[in-house]
Amino acid sequence: MTAADAPSRYAFKDAETRWQAAWNDRGAFVAAEDRSRPKYYVLEMFPYPSGRIHMGHVRNYTMGDVVARYKRARGFNVLHPMGWDAFGMPAENAAMEKKVHPAEWTYANIDTMRRQLKMMGLSIDWDREIATCHPDYYRHEQKMFLDMLEAGLIYRREGWVNWDPVDNTVLANEQVIDGRGWRSGAVVEKRRLSQWFFRITAYAQELLDALDSLERWPEKVRLMQANWIGRSEGLRIAFEMEGRSDRLEVYTTRPDTIFGASFCGISPEHPLAAELAARDADLAAFIEECRRTGTSEAAIEQAEKVGRDTGLRVKHPFVPGKTLPVYVANFILMEYGTGAIFGCPAHDQRDLDFARKYALPVLPVVVPEGEDPAAFEVGTEAYTGPGRLANSEFLDGLAVDAAKAEIAGRIETAQSGRREVNFRLRDWGISRQRYWGCPIPVIHCEACGVVPVPAADLPVELPPDVTFDVPGNPLDRHPTWKHVDCPSCGKAARRETDTFDTFVDSSWYFARFCSPRADAPTDRNAVDYWLPVDQYIGGIEHAILHLLYSRFFTRAMKKTGHAGLDEPFAGLFTQGMICHETYRTEAGTWLEPTEVERADDGTWHRLGSGETIRVGRSEKMSKSKKNVIDPEDIINTYGADTARWFMLSDSPPERDMDWTEAGITGAWRFANRLWRLVATQASALPPRGTAPETDDASTALRRATHAAIKGVTGDLEAFHFNRAVARVHELVNTLSEASPGAALREGLEAVTLLVGPMMPHLAEELWSMLGAEGLVVEAPWPAADEALLVEESVKLAVQVRGKMRGTLEVARDAGQPEIEALALALPTVTAALGGDAVKKVIYVPNRIINIIH
RNA sequence: GCGGGCGUGGUGAAACUGGUAGACACGCCAGAUUUAGGUUCUGGUGGCGAAAGCCGUGGGGGUUCGAGUCCCUUCGCCCGCACCA
């Protein structure tokens with residue numbers, strides 16, 4: 001073939017469908033347990049079927065696919081499944097807006113997105129596909145709920161909950177961001193409701209401790225979880241109250257500052273506050289006001305610390321005759337500790353702000369080392385640093401930690417308190433007043449109370465005939481669904497109409513993938529074989545919610561016998577977001593990238609009208625700012641391989657990346673360049689298996705090939721995809737300059753295999769053009785010949801007093817005297833020395849020689 | 001406020017345990033071939049300078065023969081948590 005009659009471009013459309021069919025025909029990605037090989041479970045966070053895939057999905061699934069294909073080539077038995085996180089609010093919103101049933105909407109979206117993902121050529125075992133909205137999935141979730149309920153991992157109680165007035169549902173603490181619902185953005189209100197809770201706090205310590213064992217998790221995520229769990233060590237102290245027989249219990253992490261206490265504070269939600277308010281209209285009004293201001297971020301931001309003196313006095317435990325006033329204060333949370341504190345203004349900023357407002361005493365009791373206790377004063381800033389105790393009787397002179405221990409001991413001896421560990425983590429409330437979720441399988445009976453649905457009656461299926469014309473939960477107003485007989489006494493009873501938080505669905509799907517058609521939630525053989533997930537990949541936005549819930553749920557599954565491990569994800573990688581420039585008209589209307597163009601002078605204009613456009617900085621792709629690029633358009637225009645290649649190029653995968661037109665066309669050019677290189681050289685190459693030549697040029701070529709194999713292998717292992725891409729570029733540059741021969745064949749075959757996980761269709765195409773047998777997906781990963789990598793000569797840097805003066809091409813591992821002589825003979829070196837005597841020489845073999853004068 | 005991360009050419013970024021800063025790519029410049037369309041190929045490209053050379057990894061200081069990398073300090077940007085006692 002000559003260049004003239006060779007097709008000039010890689011026909012990706014034809015090739016991609018052809019190779020996808022070939023993989024499919026061979027069942028190349030179907031996974032089965034095989035104990036003769038090491039297993040490797042690669043999982044990307046499964047998508048919510050919102051409609052169409054977006055670029056974030058493309059990046060996520062490309063990275064996972066690279067890992068899956070690479071590990072497969074390395075001989076691992078790989079599991080790489082895909083499913084749908086299919087329950088959730090958007091389906092109900094669509095039902096309300098477009099009058100389609102949530103199920104219909106969801107399944108249609110799944111069909112679209114499955115088709116789109118298949119266009120990407122992912123090495124997924126589609127036989128294992130699951131959708132959480134399918135009864136075959138959620139019936140098992142219901143079964144586990146019953147088991148966990150029985151095991152004491154779940155309970156029901158009434159409590160203050162976060163109510164989202166837009167989505168008309170309760171939210172977990174983790175789902176309230178800056179006082180607003182994580183989906184709707186509405187300011188969350190406080191309501192009292194009966195709710196089901198997972199007892200995640202029972203595992204608080206364990207979930208915290210085990211973070212240390214997650215070595216292949218990003219440090220950032222582990223820190224975020226540790227902060228969220230929020231362990232604190234302190235002391236619970238019971239103060240005697242004047243004129244009452246009961247005691248006021250407070251929690252503190254600074255018991256050492258007890259002598260600096262000038263008041264006690266209780267939460268507006270504290271039972272004592274309610275009791276006192278019953279006889280005090282002013283206090284009652286204050287409490288009501290606190291409740292209304294609630295938790296909105298604006299309220300908290302500016303909220304002044306305010307309180308009301310209840311008139312109640314507590315006795316200081318160590319100062320006879322001293323009493324402290326008890327205030328109801330708006331900054332004290334009922335949910336944390338005991339809902340009551342003692343205030344030591346000198347050493348706590350909040351207490352100080354409060355004390356200044358109500359003219360309470362401020363007595364420093366911790367003084368920085370070396371300061372005179374008599375002279376040390378606290379102004380507008382509390383002193384929270386280390387130091388020695390003062391004004392504290394028997395604690396005087398002690399360091400903070402010693403003082404804490406001393407006080408704790410005395411309080412415990414006096415039986416007026418005890419050491420206590422507190423966590424910020426709250427139990428996970430999972431009741432949602434929504435239709436499109438997994439029904440909670442319990443029945444409420446007047447006589448028997450809460451009765452679990454018998455396992456034989458599962459699944460509790462969602463009724464299909466529901467309406468969305470009025471707000472609220474359609475299950476609640478369904479004419480028949482909720483009316484059932486009590487399984488226990490047989491009398492008329494009422495079904496629970498709340499459904500699970502959708503995070504329950506995603507807390508175990510990774511386990512279900514191991515045995516997706518099993519009749520029980522899990523097949524223990526399968527989960528014991530496949531779990532844990534060896535490599536999990538997804539967005540950082542799930543650092544707390546999904547990842548913490550899954551860690552808990554896996555433990556709960558272990559306790560109920562559904563799994564046998566504690567930690568579901570051995571390795572975690574969090575990818576960055578896809579960003580794009582934003583475009584606005586002068587009037588402020590957002591425009592899509594396809595609606596604007598850049599003129600030669602660098603200004604931007606609207607297509608058609610020519611209106612001047614303001615280009616905004618690159619931001620996360622989002623529909624509201626219209627800076628989105630549709631993956632399907634890209635795949636149709638450039639092919640899946642080009643899209644994948646660009647996703648892996650340039651930006652490190654954990655960092656945000658910019659989607660640019662130049663970037664995608666650059667990737668497109670490279671794919672063609674590689675294709676053209678093989679297309680033009682293939683026929684000139686010697687047959688496969690011909691021994692490589694041994695002349696200098698061929699040896700150099702082989703060295704480049706094997707260096708690339710070694711480099712790319714290391715880069716893929718370390719998730720350095722952008723460097724792997726750079727190394728492939730380098731190798732292709734080298735191969736492009738070589739003349740045909742066995743060494744070139746070796747190089748082209750190697751580059752084909754190296755590119756395999758990243759551009760799988762193109763790799764197959766090249767492999768077949770090179771006349772190789774079988775498919776790339778079945779070929780083992782190439783091995784680097786270490787012997788070829790050892791170079792006999794090295795380029796050594798020569799410095800004079802640390803300044804670069806030149807380089808020397810010398811024999812590998814040459815001796816210092818020889819190097820020194822050569823270096824001193826360099827004109828640049830003699831010039832720099834200026835005749836001075838050499839005082840010292842530092843020589844690092846094969847690296848550098850530094851001459852000091 | 002607390003916790004964490006990041007500042008390197010015009011741009012995205014490389015640089016393993018301190019050892020030739022800017023690999024690779026985009027863009028740009030020059031040339032060649034096609035010149036009906038983002039094609040392909042060759043060379044150049046951190047800054048200043050005619051050159052030798054000097055200066056360069058946010059700023060300042062330090063350790064070291066040698067610092068993008070380690071230490072101190074300061075500025076800027078981003079992310080997470082946020083009245084958690």
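Just so it is clear: chains get the letters A, B, ... in the order the sequence lines come, proteins before strands, and each one is counted from 1. Predicted model, so just to flag it, every value in this text is computed and none were measured.
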Output yes when a side-chain donor or acceptor of A/R805 lies under 3.5 Å from a complementary backbone atom of A/V829, and no otherwise.
no
Does B/rA14 have OP1 or OP2 under 4.0 Å away from a side-chain N or O of A/N722?
yes
Measure the acute angle between the ring planes of A/H347 and A/Y383, then classify it against the limits of 30° and 60° as parallel, tilted or perpendicular.
perpendicular
Taking the side chain as C-beta and beyond, is there a heavy-atom pair between A/T310 and A/L272 under 4.5 Å?
no
For nucleotides 28-41 of chain B, read 5' to 3', which letter fits each nucleotide if B means a protein heavy atom sits under 4.0 Å from the base, S means only the sugar-phosphate is that close, and - means neither?
----------B-SS
Can you find a pair of side-chain heavy atoms, one from A/Y843 and one from A/L796, that are under 4.5 Å apart?
yes
B/rC26 and B/rU40, which share atom name P, separated by this distance in whole Å:
10 Å
Separation between the P atoms of B/rC41 and B/rA50, rounded to whole Å
35 Å
A/R222 CZ to B/rC79 P: how many Å, rounded?
24 Å
Counting side-chain heavy atoms from C-beta on, which of B/rC81, B/rA85, B/rG19 comes nearest to A/W228?
B/rC81
For B/rG9, glycosidic torsion class - syn if within 90° of 0, otherwise anti:
syn
The complete set of salt bridge (Lys or Arg N to Asp or Glu O under 4.0 Å) pairs with one or both residues in residues 249-264 of chain A, sequence neighbours excluded, reads A/R236-A/E249, A/R254-A/D256
The residue, A/N733 or A/N227, whose nearest nucleotide of RNA chain B is more 5′ is A/N227
Taking all atoms of both residues into account, what is the closest heavy-atom pair of A/L547 and A/L572, and its distance?
CD1-CD2, 3.7 Å
Between protein and nucleotides 9-12 of chain B, what N or O pairs are separated by less than 3.5 Å?
| residue | atom | partner | partner atom | Å |
| --- | --- | --- | --- | --- |
| B/rG12 | O2' | A/S651 | OG | 3.3 |
| B/rG12 | N2 | A/D650 | OD1 | 2.9 |

Who does B/rG56 pair with, Watson-Crick or G-U, both distances under 3.5 Å?
none
Give the rounded distance in Å between these two atoms: CZ of A/R424 and P of B/rA85.
10 Å
Just the rounded figure in Å: distance from P of B/rG19 to CG of A/L808.
20 Å
With a non-hydrogen cut-off below 4.0 angstrom, is A/R805 in contact with a base, only sugar-phosphate, or nothing?
sugar-phosphate
Specify the residue among A/R231 and A/E654 whose closest nucleotide of RNA chain B lies further upstream toward the 5′ end.
A/E654
Non-hydrogen side-chain atoms of A/P268 and A/R308 separated by less than 4.5 Å
no
If you look at every strand shown and take non-hydrogen atoms under 4.0 Å, does A/L223 touch a base, only sugar-phosphate, or nothing?
sugar-phosphate
Which residues pass the ring pair (Phe, Tyr, Trp, His ring centres under 6.0 Å) test with A/Y327, not counting sequence neighbours?
A/F354, A/Y358
Whole angstrom is fine here: how far is it from CE in A/M804 over to C1' in B/rG19?
10 Å
Using atom NE2 of A/H720 as one end and atom P of B/rA14 as the other, report the distance to the nearest whole Å.
8 Å
Could you check which nucleotide pairs with B/rU42 in any of the strands shown, counting Watson-Crick or G-U wobble with both distances under 3.5 Å?
B/rA30
Taking the side chain as every heavy atom from C-beta outward, state whether A/Q225 and A/R551 have any atom pair closer than 4.5 Å.
yes
Ignoring hydrogens and angles, does a donor from either the side chain of A/K305 or the base of B/rC83 sit under 3.5 Å from an acceptor on the other?
yes
Where the side chain of A/N330 is defined as all heavy atoms beyond and including C-beta, which of B/rC83, B/rC24, B/rG19 is the nearest nucleotide?
B/rC83
G-U wobble or Watson-Crick pairing nucleotide for B/rU64 (cut-off 3.5 Å, both distances):
none
With a non-hydrogen cut-off below 4.0 angstrom, is A/K803 in contact with a base, only sugar-phosphate, or nothing?
sugar-phosphate
Output the single nucleotide from B/rA85, B/rC65, B/rA25 whose closest atom is nearest the side chain of A/D348.
B/rA85
Sticking with atom C1', work out how far B/rA82 lies from B/rG4, rounded to a whole angstrom.
14 Å
Assign A/N422 to base, sugar-phosphate, or nothing according to its heavy-atom contacts below 4.0 angstrom with the strands shown.
nothing
Nearest-Å distance once atom P is located in both B/rG60 and B/rA67:
15 Å
Nearest to the side chain of A/I332, heavy atoms from C-beta on, is which of B/rA85, B/rG53, B/rA23?
B/rA85
Kindly point out which of B/rA14, B/rA85, B/rG80 is positioned nearest to the side chain of A/Y336?
B/rA85
Atom CD of A/E581 and atom P of B/rG27 are separated, to the nearest Å, by 15 Å
Which whole number of Å gives the distance between the P atom of B/rU57 and that of B/rC70?
15 Å
Does any pair with a residue in residues 706-717 of chain A pass salt bridge (Lys or Arg N to Asp or Glu O under 4.0 Å), and if so which ones, sequence neighbours excluded?
A/K71-A/E717, A/R74-A/E717, A/K710-A/E786, A/D715-A/R723, A/D715-A/R727
Listed pairs under 3.5 Å, donor-acceptor, residues 657-671 of chain A side chains, sequence neighbours left out:
| residue | atom | partner | partner atom | Å |
| --- | --- | --- | --- | --- |
| A/D658 | OD1 | A/S618 | OG | 2.1 |
| A/T660 | OG1 | A/G663 | N | 2.9 |
| A/E661 | OE2 | A/Y638 | OH | 3.4 |
| A/T665 | OG1 | A/E661 | O | 3.1 |
| A/T665 | OG1 | A/A662 | O | 3.0 |

How would you label the contact of A/D353 with the nucleic acid (heavy atoms, under 4.0 Å): base, sugar-phosphate, or nothing?
nothing
In whole Å, what separates the P atom of B/rA13 from that of B/rG19?
22 Å
Working note: A/Y10 + A/T642, criterion side chain to side chain donor-acceptor pair (under 3.5 Å); need CA distance, chi angles, decisive distance, verdict.
CA-CA 11 Å; A/Y10 167 46; A/T642 295; over 6 Å; no
Describe the nucleic acid contact of A/L796 in one word from base, sugar-phosphate, nothing, applying a heavy-atom distance below 4.0 Å.
nothing
B/rG18 to B/rU69 separation - P atoms, rounded to the nearest Å:
12 Å
Considering Watson-Crick and G-U wobble pairs with both distances under 3.5 Å, what does B/rC2 pair with?
B/rG80
Rounded to whole Å, how long is the line connecting atom CE of A/M334 with atom P of B/rC83?
17 Å
Given B/rU20, B/rC81, B/rA85, identify the nucleotide with an atom nearest to the side chain of A/T252.
B/rA85
How is A/Q799 classified with respect to the nucleic acid when contacts are heavy atoms under 4.0 Å: base, sugar-phosphate, or nothing?
base
Less than 4.5 Å apart, side chain to side chain, heavy atoms only: is that true for A/T62 and A/F721?
no
Answer with base, sugar-phosphate or nothing: what part of the nucleic acid does A/I842 contact at a heavy-atom distance below 4.0 Å?
base
Atom CD1 of A/I848 to atom P of B/rA21: distance rounded to whole Å?
8 Å
Taking the C1' atom in each of B/rG9 and B/rA14, what is the distance between them to the nearest angstrom?
13 Å
